[in-house]
Amino acid sequence: MVAMSSADSRLDRITVDPAILHGKPTIRGMRVSVQSVLELLAAGMTFDEVLADYPYLEREDLLAALVYGAAATGGRRNLP
């Protein structure tokens, strides 16, 4: 199990900028939305498959998207 502080630190990889993707949460300020990453994983792609298709992403980025998704569904208010 991942410690909460480790999970919280992953959220630093999630950015929100009104100039990028209309302010949707993105991975490290790139034009890759958290939603897109979650959709790929939900469709059944493995981490390795996503990373092969998006070589500029890192494993920690995918974990950050999962942490963000879990926090968003749990009603956490301190999301980026």
Side-chain angles (χ1 to χ4, degrees):
M1 182 171 191
V2 174
M4 186 56 73
S5 62
S6 176
D8 285 343
S9 70
R10 286 193 176 107
L11 289 176
D12 291 342
R13 291 176 169 266
I14 307 301
T15 56
V16 176
D17 181 340
I20 300 173
L21 294 180
H22 305 288
K24 284 183 157 185
T26 63
I27 306 295
R28 291 186 287 126
M30 295 184 281
R31 294 190 176 277
V32 178
S33 70
V34 170
Q35 178 182 354
S36 296
V37 171
L38 293 174
E39 288 173 350
L40 293 171
L41 295 172
M45 288 183 75
T46 66
F47 273 34
D48 288 338
E49 291 169 332
V50 174
L51 295 174
D53 284 354
Y54 299 88
Y56 43 86
L57 292 178
E58 301 170 359
R59 182 177 187 277
E60 287 295 314
D61 296 329
L62 305 186
L63 292 171
L66 291 173
V67 169
Y68 187 92
T73 61
R76 278 194 52 194
R77 300 190 190 285
N78 61 343
L79 295 175

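Just so it is clear, the model here is predicted, and its values are computed rather than measured.
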Are L40 and L21 co-members of a hydrophobic cluster defined by side-chain heavy atoms under 4.5 Å apart?
->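 No.
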Kindly work out whether a path of hydrophobic side-chain contacts (I/L/V/M/F/W/Y, heavy atoms less than 4.5 Å apart) joins I27 to I20.
->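 As far as the 4.5 Å side-chain criterion goes, I20 and I27 are not connected within one cluster.
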Give the minimum heavy-atom separation between [X] and [Y], together with the two atoms involved.
| X | Y | answer |
| --- | --- | --- |
| A65 | L38 | O-CD2, 3.5 Å |
| L62 | V50 | CD2-CG1, 3.8 Å |
| A64 | R10 | CB-O, 3.3 Å |
| L57 | V37 | CD1-CG2, 4.4 Å |

Do F47 and L66 come close enough that some side-chain heavy atom pair is under 4.5 Å?
->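 Sidechains of L66 and F47: in contact.
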Within a strict 4.5 Å, meaning less than it, do heavy atoms of the D61 and Y56 side chains meet?
->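 With C-beta onward as the side chain, the pair stays apart.
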Hey, what do you get for OH (Y54) to CE (M30), rounding to the nearest 0.5 Å?
->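 Atom-to-atom, Y54:OH and M30:CE are 11.5 Å apart.
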Straight-line distance of Q35 CD to K24 NZ, nearest 0.5 Å =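 If I round to the nearest 0.5 Å, the distance is 4.0 Å.
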